[in-house]
Undergrad: 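For reference, the structure I am asking about is given below.
Residue indices begin at 1 and follow the sequence shown. Keep in mind the model is a prediction, meaning the values are calculated, not measured.
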Amino acid sequence: MPHSASDEFAIEVRNVSMVYGAGASAFTALDDVEVAIRENEFFTLLGPSGCGKTTLLRLIAGFSYPSGGDIRLHGQNIAALPPFKRPVNTVFQNYALFPHMTVSENIAFGLAMLKRSRTEIRDSVDRMLKLVQLEALKDRKTAQLSGGQQQRVALARALAPQPKVLLLDEPLSALDFKLRKEMQIELKRLQHETGITFIFVTHDQEEALTMADRIAVMSAGRILQIGSPREIYDRPAERFVADFIGETNFMQADVLSSADGMAEVALPGGKRIPALVVEGFRPSGQVSIVVRPEHAQIVEAGPEAHLTGTLENTVYFGTDTHFHIRLDGGRQFILRRQNSRSAAAAPQNGTVVGIRIDDGAAQILKD
């Protein structure tokens, strides 16, 4: 990525490392991380616990300082600035609201600390209450609110000073499933209406796919891939990304030929199919290929099938059905079919079935 300031980027992280401790006990939390986050973007840092995503968020917020590298806000290096000198606000996991204050007083608190005028504070509070749809609860103490309402107050308080960037550290993790789904849509609405750059940290792949404009998948202090939700899901760059995002079928195959981003491979059993190849990778020999469960069909065992196996288990999920098939070689293959009134009847468990992989669905991965 070229190192030149650009109005297009709200945040640029350049070769940032974070090392805790020294000598034999040193731990590298971030390893030469580089990412540019666009103005007005909903950007998500996604990965398992301990991958470095919250550490990176804390560095952007100013709660910690990097061991090396630069962090730039609209081209200005802010890596050494204290938090109160950065036009950045954070929404934490536990919301950190003041229980003795009303909703309006919580929203006004940060503005008062910034010594804004009474008129500006009143107008900002009214605007934020309307934005998060809490006008009717403005005089209620936050301890009397539901979890979803408290989260909206926390968001309103963080948005009131009109920061250039809003950081969100797994703010939905304490909510129940249904409310979490509702707040995912609400967060996306708020980001769209305010035009503020959101940087959202989560370990929940569904949250990331639902809300983000782009996702950075992290592991062991490194960013493995950056892309849109569709790019990350449909074209994972390596095995960890494919395995972490959604359900995935992995198989070994032999490369027969490759050129221009495509290869022909032989599956276990000998059937040949085309497979996509990650840009810049030239596969040879035996490789791993990935096929998403919804990108294959159950067919009769025979010439039309690319793979053959025994249906071991059928799981009904309402919107779709998952078929667990034990392939002839012993590996399991999961196939997902959307439910509809016109869908064919599911085979009985124990039936020998064929699997046909959709054209263009198989992809060769870097291990």
Side-chain angles (χ1 to χ4, degrees), residues 1-18 30 32-47 52-66 68-92 110-111 114 124 127-128 131 154-172 184 186-202 207-218 222-223 225-229 231-232:
M1 184 179 301
H3 286 183
S4 60
S6 170
D7 291 337
E8 179 187 358
F9 298 125
I11 293 288
E12 292 176 88
V13 176
R14 299 178 173 181
N15 307 111
V16 163
S17 61
M18 187 66 184
L30 293 174
D32 196 30
V33 169
E34 186 156 334
V35 59
I37 300 169
R38 298 170 185 142
E39 182 75 3
N40 302 335
E41 184 172 35
F42 198 124
F43 192 90
T44 294
L45 300 171
L46 173 67
K53 56 189 186 297
T54 295
T55 299
L56 181 54
L57 201 76
R58 290 178 60 82
L59 294 181
I60 296 171
F63 301 138
S64 302
Y65 300 104
D70 293 341
I71 299 172
R72 294 180 177 268
L73 175 69
H74 296 297
Q76 178 191 0
N77 191 353
I78 61 170
L81 288 181
F84 64 89
K85 289 192 175 180
R86 303 185 187 199
V88 172
N89 264 353
T90 306
V91 177
F92 299 98
L111 297 168
L114 293 171
S124 293
R127 187 170 63 252
M128 289 300 108
L131 183 68
L155 285 166
R157 185 177 64 182
L159 290 168
Q162 296 182 301
K164 293 185 182 297
V165 177
L166 184 66
L167 309 175
L168 301 108
D169 187 10
E170 303 207 48
L172 308 183
Q184 289 171 10
E186 187 72 7
L187 274 176
K188 188 64 178 174
R189 178 186 70 83
L190 289 172
Q191 192 273 330
H192 179 75
E193 290 190 13
T194 60
I196 293 172
T197 300
F198 278 24
I199 304 177
F200 186 91
V201 161
T202 184
E207 275 185 2
L209 293 172
T210 299
M211 294 187 291
D213 296 319
R214 286 191 303 152
I215 298 168
V217 181
M218 298 188 66
R222 295 170 50 241
I223 292 178
Q225 185 174 358
I226 300 172
S228 70
E231 289 167 344
I232 294 289

Undergrad: Assess whether side-chain contact (heavy atoms from CB on, under 4.5 Å) is satisfied between Val35 and Ile226, documenting all intermediate values.
TA: CA-CA 8 Å; Val35 59; Ile226 300 172; 3.6 Å; yes
Undergrad: Please determine which of Glu12, Lys164, Glu39 meets the side chain to side chain donor-acceptor pair (under 3.5 Å) test together with His74.
TA: Glu39
Undergrad: What pairs with Thr90 under side-chain hydrogen bond (donor to acceptor under 3.5 Å, both in side chains), at least two apart in sequence or on another chain?
TA: none
Undergrad: Could you check whether any side-chain N or O of Asn15 sits under 3.5 Å from a backbone N or O of Gly69, counting only pairs where one atom can act as donor and the other as acceptor?
TA: no
Undergrad: Which heavy atom in Gln184 sits nearest to a heavy atom in Leu172, and how many Å separate them?
TA: CG-CD1, 3.7 Å
Undergrad: Regarding Arg38 and Glu8, does a basic nitrogen lie under 4.0 Å from an acidic carboxylate oxygen?
TA: yes
Undergrad: Can you tell if the side chain of Arg189 reaches within under 4.5 Å of the side chain of Glu193, non-hydrogen atoms only?
TA: yes
Undergrad: State, to 0.1 Å, how close Leu30 and Gly52 come at their nearest heavy-atom pair, and which atoms those are.
TA: CD2-O, 3.4 Å
Undergrad: Just how far is it from atom CG of Leu57 to atom CG of Leu168, taken to the nearest 0.5 Å?
TA: 8.0 Å
Undergrad: Evaluate the side-chain proximity of Val16 to Asp32: yes if any heavy-atom separation is below 4.5 Å, no if none is.
TA: no
Undergrad: Heavy atoms only: give me the nearest Leu111-Ser124 pair and the separation to one decimal.
TA: CD1-CB, 3.5 Å
Undergrad: Is the shortest side-chain heavy-atom distance between Asn89 and Pro161 below 4.5 Å?
TA: yes
Undergrad: To the closest 0.5 Å, what do you measure between CD1 (Ile37) and CZ (Phe43)?
TA: 4.5 Å
Undergrad: Is there a side-chain contact between Ile232 and Gln225, using heavy atoms and a 4.5 Å cut-off?
TA: yes
Undergrad: If you measure from OG1 on Thr55 to CD1 on Ile60, what distance do you get to the nearest 0.5 Å?
TA: 11.0 Å
Undergrad: Taking the side chain as C-beta and beyond, is there a heavy-atom pair between Leu167 and Val91 under 4.5 Å?
TA: no
Undergrad: Any chance you could measure Thr54, atom OG1, to Glu170, atom CD, to the nearest 0.5 Å?
TA: 5.5 Å
Undergrad: Specify the closest pair of heavy atoms between Leu166 and Ala158, including all atoms of both residues, with the distance to one decimal.
TA: CD1-CB, 3.5 Å
Undergrad: To the closest 0.5 Å, what do you measure between CG (Leu187) and CZ (Phe198)?
TA: 6.5 Å
Undergrad: For residues Glu207 and Phe200, determine if any side-chain heavy atom of one lies less than 4.5 Å from a side-chain heavy atom of the other.
TA: yes
Undergrad: With a 4.5 Å cut-off on side-chain heavy atoms, are Leu73 and Pro87 touching?
TA: yes
Undergrad: Considering non-hydrogen atoms only, spot the tightest contact between Asn77 and Asp70 and give its length.
TA: ND2-OD1, 3.3 Å
Undergrad: Is a donor on one side and an acceptor on the other found under 3.5 Å between the side chain of Lys53 and the backbone of Leu45?
TA: no
Undergrad: Can you measure from CG (Asp213) to OG1 (Thr44) and round to the nearest 0.5 angstrom?
TA: 8.5 Å
Undergrad: Is there a side-chain contact between Pro83 and Phe63, using heavy atoms and a 4.5 Å cut-off?
TA: yes
Undergrad: Does Gln191 use its side chain to pair, donor to acceptor, with the backbone of Asn40 at less than 3.5 Å?
TA: yes
Undergrad: Is it true that the side chains of Glu41 and Thr197 contain a donor and an acceptor less than 3.5 Å apart?
TA: no
Undergrad: Might you point out which heavy atoms bring Val88 and Ala61 nearest each other, and give the distance in Å?
TA: CG1-CA, 4.4 Å
Undergrad: Quick check: does any side chain N or O of Arg86 sit under 3.5 Å from a backbone N or O of Ala79, one acting as donor and the other as acceptor?
TA: yes
